[in-house]
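The block underneath contains the structure these notes are about, expressed in structure tokens.
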Number of protein chains: 2
Amino acid sequence: MGAERRDTGAKGGDDVVALLWRGATPVRRGPRPRFSIDGIVTAATTIADARGLDAVTMQSVAESLGTTKMALYRYVPGRVELDALMLDTALGTPPPAAAGSPWHVALTDWARSVHARALARPWSVELAQRPHVPGPVELAWFESGLAALAGLPLTGAEKLDTLALLVGHVMSLVRQQPAGASPEADLAARLAPVLAERAGEYPHSLAAFTGASSGARDDALRFGVARVVAGVAALADERG
Amino acid sequence: MGAERRDTGAKGGDDVVALLWRGATPVRRGPRPRFSIDGIVTAATTIADARGLDAVTMQSVAESLGTTKMALYRYVPGRVELDALMLDTALGTPPPAAAGSPWHVALTDWARSVHARALARPWSVELAQRPHVPGPVELAWFESGLAALAGLPLTGAEKLDTLALLVGHVMSLVRQQPAGASPEADLAARLAPVLAERAGEYPHSLAAFTGASSGARDDALRFGVARVVAGVAALADERG
DNA sequence: TGTTTACTGTGTCTCCAGGACGCAATTAGA
DNA sequence: TCTAATTGCGTCCTGGAGACACAGTAAACA
């Protein structure tokens, strides 16, 4: 893996935008396409769900559709575009906001929804955290988050920053839960002998880690979201 | 690129731990090594700084050292381990805490230091956000962050969560600043025509984005850190 | 002062991913 | 019916990670 794929380039970016925001396909000449973009994205998503993002190659997607790699390039310009399409469908549409709930409840719910969806498809986080152009679905999530903040005395930039703060937190947490195995129990076990030897150099860390091993990790989500909400509330109060 | 590299496996992880926390090298038989782990990591870092993480291949590192790819495998088991070593040296040691400053100042300074260092080496964020075993330097950063929180009535887990929250925010921000070009001005420009067409579907987003285009992006850092600090302060007050 | 032997340097080979290119088959529109 | 756009897809090329084997080298020991 190259693990990264810098794109952000002008040309590629335009392709991505066109694909993500594509309207109805005009009638075309020639043979009917045997596949569809949606079908390809679904196949890729299924593979990613089952075997991780690494397992998604043009090859593997093509095989799961019963065709060959090069046939896919008729539908999707390249891997970058496929990633963008996968990302924008990964989370699904945001849940409708419960009308009438106070902003801090709505915002907390929103963050929890993002977390739940992201946790169900950890690979989407990997994609979401590369620089990318948001698609319709991702923008809908932003829209619903902004709606929760609509009544607050914050500037547009501040509202976006608030959502970014929550999203950043949620993504960080999801990154540490590789689905199956032991999350940080494994890590702690591996690090423990080393830390024990050097206890003197890392007194606070040792205390915090040993004390932390009891509580479940979901607390981190609750804690972080609550702190952010409290911080925003403090600002709102300050401004009246 | 494969962009990702799941490892987290038991065997590989042990190698990583051994390398990161290696002590003095015992005297060995045979020819003196011509290179050193530090030298290799430095070379790789130089390449990453200049041309990005994608440009770091065993090949390119070897060339910059005047040797061949396979020679490097005598020092570093593989790419995963090289990444781990690069990460742990990327940020450098944390600055000493200004003694006597109140916790919220110390914590804010800490977050700003993390941001400054990460911004100087954006590729380190990519590495830091994969699941990984922390090395001595990374742990030293944690240690210094925990020191800032030492006096607060929080549990160990809560302190760690607080730092994770800040780090998550900082990393999110750095991800959006690909060094050179226009950060989100470019993105906004690309998205603008699409959004304009569908203004009705995304009223809040449109308002927030257009309103936000003025302020610089450093405000996001300040805003986020301030919110978190305020949120933590609220909790601390609550507990006396 | 040999001699042993672990350790280093490195060329070659394999596997696999992304992607360019071109040709044959197909079918909507004129 | 004819034609031109469009699809399906085989072949080829460019890397990158890593396995392996073998030759050279020097520290340790008798």
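Labels below follow one simple rule: chain letters A, B, ... track the order of the sequence lines, proteins then strands, and each chain is numbered from 1.
Going from atom CZ of B:Arg34 over to atom P of C:dT8 covers 13 Å, rounded to whole Å. B:Phe35 places its CZ atom 11 Å from the C1' atom of C:dT10, with the value rounded to the nearest Å. Counting to the nearest Å, the P atom of C:dA17 and the NZ atom of A:Lys69 are 9 Å from each other. Here D:dT7 presents its P atom at 12 Å from CZ of A:Arg32, a figure rounded to the nearest Å. The distance between atom CG of A:Asp83 and atom P of C:dA17, rounded to the nearest whole Å, is 14 Å. Straight-line distance from the CG atom of A:Asp54 to the C1' atom of D:dA17: 13 Å, rounded to whole Å. For the pair A:Leu65 CG and D:dT7 C1', the interatomic distance rounds to 15 Å; values are reported in whole Å. Rounded to an integer number of Å, the gap from CD of B:Glu63 to P of D:dG16 is 9 Å.
Between B:Thr68 and A:Pro77, the residue whose closest nucleotide on DNA chain C is further toward the 5' end is B:Thr68.
Looking at B:Ser60 and B:Thr57, their side chains do bring a donor and an acceptor atom within 3.5 Å of each other. Residues B:Trp123 and B:Asp54 have side chains that never bring a donor and an acceptor to within less than 3.5 angstrom of each other.
Put simply, the side chain of B:Arg74 and the base of C:dG9 share a donor and an acceptor less than 3.5 Å apart.
Put simply, the side chain of B:Leu146 reaches to within 4.5 Å of the side chain of B:Leu160, judged on heavy atoms.
Closest to the side chain of A:Tyr73, out of D:dC9, C:dG18, D:dC20, is C:dG18. When distances run from any side-chain atom of A:Ala71 to the nucleotides C:dG18, C:dA20, D:dG8, the shortest one goes to D:dG8.
In terms of phosphate contacts, B:Thr67 brings a side-chain nitrogen or oxygen within less than 4.0 Å of OP1 or OP2 of C:dT10.
For residues 56-67 of chain A, no residue pair satisfies the salt bridge (charged side-chain N to carboxylate O under 4.0 Å, His left out) rule, not counting sequence neighbours.
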